[in-house]
Chemist: 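This is the structure I have questions about; it appears just below.
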Amino acid sequence: MTPARKHTALPKAQILIEALPWLTRHNGKTVVIKFGGNAMVDDELKAAFAQDVVFLRQAGLKPVVVHGGGPQISAQLDKQGLVSEFKAGLRVTTPEAMDVVRMVLAGQVQRELVGLLNQHGPLAVGLTGEDAHTITAVQHRPTIDGELVDIGRVGEITAIDTGAIQALLDDGRIPVVSSIARSADDNHVYNVNADTAAAALAAALDAETLMVLTDVEGLYEDWPHSDDVISRLTATELEKLLPELSSGMVPKMQGCLHAVRNGVETARVIDGRVQHSILLEIFTDEGIGTMVVPDAQGES
Ligand SMILES: Nc1ncnc2c1ncn2[C@@H]1O[C@H](COP(=O)(O)OP(=O)(O)O)[C@@H](O)[C@H]1O
Ligand SMILES: CC(=O)N[C@@H](CCC(=O)OP(=O)(O)O)C(=O)O
């Protein structure tokens, strides 16, 4: 090897070797990654996301992707002249809107991500929560100002069957899940918030990590007045903060709390607009977003 090649090879080898403790720690572990619709900013970012997920798979982890698509659904509803309204952070979903939600999530967003992942080999398989009874739900009726409100075909998860996802993982595949659920009697399909679906899947799969990629750096301490990110908080600290949160952060942080209270070791909210944020989060010390951890033993 010429001295010049040695010069460039050494730093590369050092970078690889620095990842060794993380590779060892995460080997064989399941990681649920939620890719938010707002984080799917452009084609380059989506391609980088696919590379990261494939990298995790080739490094011996078991990634499961759950994707969102809120802005993409809103754009399609708009195009079809259907009104789009959110109550308690959830989309009011009429039967016509449900058709659009299903078409956009399963037919467009999921297909695109599966296609990007499969540019690296026959790895990704798409499914919705309807497939193999993966996600079962009942109609969700949120309480707003003390009253139960009907927001249409929005689902509250009652059961998760991890069989199909587990079989795909055992076969070395990367499941890509759309957040649509079925009712137990199979007469209805439901629109489920993708953060909620990702958290429920992470808990049911006994995942090591839930990673939520969004369009902010993490959970801001005093949003929208300051951009100080809370880098780490325990389940109890997060629980106290929940009533103060608004809009898209509510299902995200509720999901993180559910995950760490149900066996997931860490739940993280990170900036999906930063290329390769997943790799930084998993393989380095430079965690860049908000990390939620279970309470220390004896604390609650
Ligand atoms: N405390 C907070 N910290 C950060 N973002 C917040 C906070 N409270 C509300 N938000 C809003 O939540 C949004 C992220 O949620 P959402 O729009 O549902 O994204 P996604 O499509 O990734 O699920 C942010 O863009 C921000 O506008
Ligand atoms: C019930 C409900 O609100 N469902 C969401 C499902 C998609 C989603 O959650 O996408 P993001 O993660 O990109 O926000 C919706 O209809 O927008």
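Both counts, for ligands and for their atoms, begin at 1 and track the order of listing.
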Chemist: Do ligand 2 and Asp195 have nitrogen or oxygen atoms that lie under 3.5 Å from each other?
Modeler: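 No: no nitrogen or oxygen of Asp195 is under 3.5 Å from one in ligand 2.
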Chemist: Taking only heavy atoms of Val216, which atoms of ligand 1 are found under 4.0 Å from at least one of them?
Modeler: 4 (C), 5 (N), 24 (C), 25 (O)
Chemist: Please report which non-hydrogen protein atom sits nearest to atom 18 (O) of ligand 1, along with the residue it belongs to and the distance in Å to one decimal place.
Modeler: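 For this ligand atom, the closest protein heavy atom is Gly248 CA, 3.4 Å.
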Chemist: When rounded to the nearest 0.5 angstrom, what distance separates CG in Asn193 from CG in Leu90?
Modeler: 6.0 Å
Chemist: Can you name the atoms of ligand 1, numbered from 1 with element, that are less than 4.0 Å from a heavy atom of Gly37?
Modeler: 21 (O)
Chemist: Can a donor-acceptor pair be found between the side chains of Thr94 and Arg153 at a distance below 3.5 Å?
Modeler: no
Chemist: Rounded to the nearest 0.5 Å, what's the gap from CG on Asp227 to CG on Asp222? Could you check?
Modeler: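 Interatomic distance, Asp227 CG to Asp222 CG, rounded to 0.5 Å: 10.5 Å.
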Chemist: Got the closest protein heavy atom to atom 17 (O) of ligand 1, with its distance?
Modeler: Asn38 ND2, 2.9 Å
Chemist: Quick one: does Lys34 get a heavy atom under 4.0 Å from ligand 1?
Modeler: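 Lys34: in contact with ligand 1 (<4.0 Å).
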Chemist: Among Val65, Val64, Val32, Val125, which residue meets the side-chain contact (heavy atoms from CB on, under 4.5 Å) test with Val177?
Modeler: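 It is Val64, the one option of Val65, Val64, Val32, Val125 that forms the side-chain contact (heavy atoms from CB on, under 4.5 Å) with Val177.
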Chemist: Can you tell me the protein heavy atom closest to atom 1 (N) of ligand 1 and the distance?
Modeler: Tyr220 O, 3.2 Å
Chemist: Looking only at protein heavy atoms, which one is nearest to atom 13 (O) of ligand 2, and what is the separation?
Modeler: Gly37 N, 2.8 Å
Chemist: Taking distance alone, with N or O pairs closer than 3.5 Å, would you say Thr93 contacts ligand 2?
Modeler: no
Chemist: Does the pair Glu239/Arg261 count as a salt bridge with the N-to-O cut at 4.0 Å?
Modeler: yes
Chemist: So which protein heavy atom does atom 9 (O) of ligand 2 come closest to, and at what separation?
Modeler: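 Going by distance alone, atom 9 (O) of ligand 2 is nearest to Ala194 N, 3.0 Å.
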Chemist: Does one side chain, of Gln108 or Glu112, offer a donor that lies under 3.5 Å from an acceptor on the other?
Modeler: no
Chemist: Would you name the heavy atoms of Gln110 and Leu127 that are closest together and state the gap between them?
Modeler: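 It is NE2-O, 3.0 Å.
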Chemist: Identify the two heavy atoms, one from Ala59 and one from Phe283, that lie closest to each other, and give their separation to 0.1 Å.
Modeler: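 That would be CB-CZ, 4.0 Å.
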Chemist: Any heavy atom of Lys252 sitting closer than 4.0 Å to ligand 1?
Modeler: yes
Chemist: Please write down residue, atom name and distance for the protein heavy atom closest to atom 16 (O) of ligand 2.
Modeler: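 Ranked first by proximity to atom 16 (O) of ligand 2 is Arg91 NE, 2.7 Å.
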Chemist: At a 4.0 Å threshold, what atoms of ligand 2 neighbour a non-hydrogen atom of Lys34?
Modeler: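 Selected atoms, number and element: 11 (P), 12 (O).
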Chemist: Can you name the atoms of ligand 1, numbered from 1 with element, that are less than 4.0 Å from a heavy atom of Thr214?
Modeler: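 With Thr214 as reference, the close atoms of ligand 1 come out as 14 (C), 19 (O), 20 (P), 22 (O).
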Chemist: Does at least one non-hydrogen atom of Val192 fall below 4.0 angstrom from an atom of ligand 2?
Modeler: yes
Chemist: Look only at interatomic distance and state if Gly70 has a nitrogen or oxygen under 3.5 Å from any nitrogen or oxygen of ligand 2.
Modeler: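 The answer is yes, given that Gly70 and ligand 2 share an N or O pair closer than 3.5 Å.
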Chemist: Provide the closest heavy-atom pair for Asp295 versus Ala235 in the form atom of the first, atom of the second, distance.
Modeler: OD1-N, 3.5 Å
Chemist: N/O to N/O below 3.5 Å, does that happen between Gly36 and ligand 2?
Modeler: no
Chemist: Can you find a non-hydrogen atom of Gly218 under 4.0 Å from ligand 1?
Modeler: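 Contact check Gly218 vs ligand 1: positive.
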Chemist: Does at least one non-hydrogen atom of Ser246 fall below 4.0 angstrom from an atom of ligand 1?
Modeler: yes
Chemist: Give the minimum heavy-atom separation between Gly218 and Met249, together with the two atoms involved.
Modeler: O-CE, 4.1 Å
Chemist: Would Asn191 count as being in polar contact with ligand 2, using the rule that some N or O on each side must be under 3.5 angstrom apart?
Modeler: yes
Chemist: Report the distance from atom OG1 of Thr236 to atom CG of Leu241, rounding to the nearest 0.5 Å.
Modeler: 12.0 Å
Chemist: Kindly compute the distance separating CG (Leu45) from NE2 (His276), expressed to the nearest 0.5 Å.
Modeler: 9.0 Å
Chemist: Check this for me - ligand 2, Leu90, N or O atoms closer than 3.5 angstrom, yes or no?
Modeler: no
Chemist: Quick one: look up the protein heavy atom nearest atom 10 (N) of ligand 1 and list residue, atom name and how far away it is.
Modeler: Met249 CG, 3.5 Å
Chemist: With no hydrogens and no angle check, just 3.5 Å: does a side-chain donor-acceptor pair link Asp150 and Gln139?
Modeler: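 Side chains of Asp150 and Gln139: pair found under 3.5 Å.
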Chemist: Backbone, side chain, both or neither: what part of Asn193 comes under 4.0 angstrom of ligand 2, heavy atoms only?
Modeler: both
Chemist: Heavy atoms, side chains only, cut-off 4.5 Å: are Thr30 and Asp206 in contact?
Modeler: no
Chemist: So if I count the atoms of ligand 1 from 1 in the order they appear, which ones are less than 4.0 Å from some heavy atom of Asp215?
Modeler: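 Listed by number with element: 14 (C), 24 (C), 25 (O).
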Chemist: Specify the protein heavy atom at minimum distance from atom 26 (C) of ligand 1: its residue, its atom name, and the distance to 0.1 Å.
Modeler: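 That would be Trp223 CZ2, 3.6 Å.
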Chemist: Tell me the protein heavy atom at minimum distance from atom 11 (C) of ligand 1, and give that distance in Å.
Modeler: Ser247 OG, 3.6 Å
Chemist: Would the number of heavy atoms belonging to other residues, nucleotides or ligands and lying under 6.0 Å from CZ of Arg273 be above 12?
Modeler: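 Counting neighbours around CZ of Arg273, more than 12 heavy atoms of other residues, nucleotides or ligands fall under 6.0 Å, so yes.
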